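Please read the structure below before turning to the comments.
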Amino acid sequence: MDGSQHRPISRRRVLQLGAVAVPSALLAACVEPSPSESPGESASASATVDSSAAPTQSATPSVTGRFLYRDAALADGRSATLQRGVSVLIDGATISWIRPRDGEEDPGDAEVIDATGATIVPGLVDAHSHVTGPGGARWLDRFTDPPERLLEYAEANGRLAWNAGIRWLRDLGSPVVTDPTDGRRRALAIGVRDRWRGRAGFPAIRSAGSWMTRPGALPAGVAVEAGNGDELLALAMQQLDDGADLVKLYFDSRDPSRSPWSLNEVRRLVDAVHARGAKVAAHVGRIAGVRVAVAGGVDSVEHGNQLDAAVAREMAAKGIVLVTTLTVLRSFISFARTTRISTFAGSGRAATYAAELEAVEASVRIARDAGVTIAAGSDFGGGSARANHLAWEVESLVAAGLEPVDALAAATWRAGELLGEPDAGVIREGGPADFFLVHGDPLSDPAALWRVWRHA
């Protein structure tokens, strides 16, 4: 059938396609403290520099060769209509030109790749990830594994992400430990970022250092803690001195009815971090924390599970980005079938998580209707998802009510804008050849993003 006759599929059909594309035994989980296991459950496995001066990192390593991808379709995340009959010539790591199939220039000695029937997609940008965590149902426990083990997780995650078409990772927290490779004591993902710079087959990273929390908000050894505003400011400056690209402020606490940080504390932090040329990400799920974070001028609301129309309008007016992690609750629901952990498999738990998912989807729609910029994150590693699950978040955004093109934009160029990387998630002449090819049309069937065929 002619591609122009395709129409966006229904929410129910999207969910059906997602269930087919990813077997439930492979699904994972995300954010919030990890469930403790009861005695009857089996044990878990294994054991001053201005940040704005950090070197620019590219997602495209130095490569050689000239290739012509001939007669593909193109889903660029900007047009709601799939472009067909497109040819793309790359020279090394750069896109030389993009032309209609019947208007190609002479490709010279380029190797011709017959891409008929495939769709070119910009390299994906995971706007919320944790590169040193493996994910899984006991994700938080894994952060206290030995640093050598955390680096092994990172290596595996880098390969998984790249092979899934992900070219950029925005890392939102790793433990502060002594790096076994470089001997420096700082958030471990910062060293991973440095070592992956320009490395073939691995995404580029922007790192937030570690979570900044109130004492006791996360298990001991996972985050850095501040008891007051002065300590918080000192922690943020130390993160930036250590080489972090941005900082992350953790707003969730035992009392969901109030923010753990005052408005003055947040404003003071934001002003100081902005003066260093960096951004502030706010981990916040509940509305009380969201209101303080937004009023304080943070740059992004991570998760944002509870939003109302007033706070969404304020976010839009201030240019504050919502980074969604809907995959979290979908993975929790899957664990009701795949684990014996009472937090997930206990009586009524799956229904509870399904109801929470509906509420979070409503918040996404509130943000969309208010004109808030939305970026997509999987929360892999720091939640239960895996490093190749960003496609699941795109599907989840469509299920929540976004048009497929907007969901794809959230996982490509809009997330790239949040990173401050104008070429991240973008296909353009003269730009990096960061794209990949899938089987299917992600503008009508977002599950096509799982069906990766080839990488440029």
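Scope of the values below: all heavy atoms of this structure, side chains included, with no hydrogens, waters or symmetry mates. Source: prediction; values computed, not measured.
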query: So, does Asp299 use its side chain to make a donor-acceptor pair with the main chain of Val280 at under 3.5 Å?
result: yes
message: Using only atom types and a distance under 3.5 Å, with no angle test, would you say the side chain of Thr213 pairs donor to acceptor with the backbone of Tyr250?
response: no
- prompt: What distance separates His130 NE2 from Thr132 OG1, expressed to the nearest 0.5 Å?
  reply: 9.0 Å
field: Lys/Arg cation over aromatic Trp392: Arg330, 6.0 Å, 45° cone
entry: no
Nearest heavy-atom neighbours spanning Leu418 and Ala375: CD2-CB, 4.4 Å
message: Between Ser210 (side chain only) and Gly173 (backbone N and O only), is there a donor and an acceptor less than 3.5 Å apart?
response: no
- prompt: Given Lys248 and Asp171, is the salt bridge (charged side-chain N to carboxylate O under 4.0 Å, His left out) satisfied, shown in steps?
  reply: CA-CA 10 Å; Lys248 179 179 181 180; Asp171 185 272; over 6 Å; no
- request: Could you label the plane-to-plane angle of the Trp139 and Phe332 rings as parallel, tilted or perpendicular, counting under 30° as parallel and over 60° as perpendicular?
  value: parallel
- prompt: What do the steps show when you test Ser300 against Arg170 for side-chain hydrogen bond (donor to acceptor under 3.5 Å, both in side chains), and what is the final call?
  reply: CA-CA 12 Å; Ser300 64; Arg170 182 170 172 261; 3.0 Å; yes
message: If I take atom CG from residue Leu160 and atom CZ from residue Phe202, how far apart are they, to the nearest 0.5 angstrom?
response: 10.0 Å
task: Show your reasoning for whether salt bridge (charged side-chain N to carboxylate O under 4.0 Å, His left out) applies to Arg428 and Asp423.
output: CA-CA 8 Å; Arg428 66 173 181 85; Asp423 280 329; 2.8 Å; yes
query: Taking it one step at a time, do Ile320 and Val372 satisfy side-chain contact (heavy atoms from CB on, under 4.5 Å)?
result: CA-CA 7 Å; Ile320 298 172; Val372 174; over 6 Å; no
Check: Asn305 main-chain N/O paired with Ser363 side-chain donor or acceptor under 3.5 Å: yes
query: Do any N or O atoms from the side chain of Thr325 and from the backbone of Thr327 form a donor-acceptor pair under 3.5 angstrom?
result: no
query: Do Arg193 and Val131 have side chains that get closer than 4.5 Å, going by heavy atoms?
result: no
- prompt: salt bridge (Lys or Arg N to Asp or Glu O under 4.0 Å): which pairs involve residues 154-165, sequence neighbours left out?
  reply: Glu155-Arg159, Glu155-Arg199
message: Just verifying a value: how many Å separate Thr373 OG1 and Arg368 CZ, rounded to the nearest 0.5 Å?
response: 14.5 Å
task: Can you see which heavy atom on Leu322 is nearest to which on Gly304, and at what distance?
output: CD1-CA, 4.0 Å
message: Is it the case that over 12 heavy atoms from other parts of the model lie below 6.0 angstrom from the NE2 atom of His439?
response: no
Close side-chain approach of Phe436 to Leu124, heavy-atom, < 4.5 Å: yes
- prompt: Asn388 and Asn163: side-chain contact (heavy atoms from CB on, under 4.5 Å), yes or no, with the steps?
  reply: CA-CA 8 Å; Asn388 54 354; Asn163 288 330; over 6 Å; no
message: If we check side chain to side chain donor-acceptor pair (under 3.5 Å) with His283, which of these qualifies: His128, His303, Glu302?
response: His303
task: Go through the steps for Arg276 and Asp241 under the test side-chain contact (heavy atoms from CB on, under 4.5 Å), then give the verdict.
output: CA-CA 10 Å; Arg276 292 282 296 269; Asp241 290 345; 3.0 Å; yes
task: Kindly compute the distance separating OG1 (Thr116) from CG (Asp71), expressed to the nearest 0.5 Å.
output: 4.0 Å
task: Verify side-chain contact (heavy atoms from CB on, under 4.5 Å) between Asp114 and Arg70, making sure each step is shown before the conclusion.
output: CA-CA 5 Å; Asp114 182 1; Arg70 172 169 283 165; 5.7 Å; no
- request: Using a 4.5 Å cut-off on heavy atoms from C-beta on, say whether the side chain of Trp450 contacts that of His389.
  value: yes
- prompt: Could Arg184 and Asp194 be called an ion pair, given the rule that one side-chain N must be under 4.0 Å from one carboxylate O?
  reply: no
- line: Thr412 and Gly425 have their tightest heavy-atom pair at CB-O, 3.5 Å
- prompt: Just wondering, do Arg454 and Tyr69 contact through their side chains at under 4.5 Å, heavy atoms?
  reply: yes
field: Shortest non-hydrogen contact from Ala400 toward Leu326
entry: CB-CD1, 4.1 Å
query: Checking Ser207 side chain against Ala244 main chain: does a donor-acceptor pair fall under 3.5 Å?
result: no
- prompt: Given Arg414 and Asp406, is the salt bridge (charged side-chain N to carboxylate O under 4.0 Å, His left out) satisfied, shown in steps?
  reply: CA-CA 9 Å; Arg414 289 198 184 279; Asp406 295 323; 5.3 Å; no
side-chain hydrogen bond (donor to acceptor under 3.5 Å, both in side chains) assessment of Glu393 paired with Ser378: CA-CA 6 Å; Glu393 187 67 18; Ser378 70; over 6 Å; no
Any Pro122 side-chain heavy atom under 4.5 Å of Val426 side chain: no
field: Test item: Ile366 and Val311 side chains (from C-beta on) under 4.5 Å apart, heavy atoms
entry: no
message: Within this structure, what is the CG-CD1 distance for the pair Asp245 and Ile190, rounded to the nearest 0.5 Å?
response: 7.5 Å
query: Can you name the nearest heavy-atom pair linking Ile287 to Gln306, along with the distance?
result: N-OE1, 3.0 Å
- request: Please name the pair of heavy atoms, one in Arg167 and one in Phe435, separated by the smallest distance, quoted to 0.1 Å.
  value: NH2-O, 4.1 Å
- request: To the nearest 0.5 angstrom, please state how far the CZ atom of Arg365 sits from the CG atom of Leu307.
  value: 12.0 Å
- prompt: Does the side chain of Val270 reach to within under 4.5 Å of the side chain of Val298, using non-hydrogen atoms?
  reply: yes
query: Under 3.5 Å, side chain of Trp413 to main-chain N/O of Gly77, donor-acceptor pair present?
result: yes
Salt bridge Asp179-Arg186, side-chain N to carboxylate O under 4.0 Å: no
statement: Partner of Ser87 under side chain to side chain donor-acceptor pair (under 3.5 Å), picked from Arg99, Glu104, Arg101, is Glu104
query: Should Gln238 and Leu235 count as side-chain neighbours, where that means a heavy-atom distance under 4.5 Å?
result: no
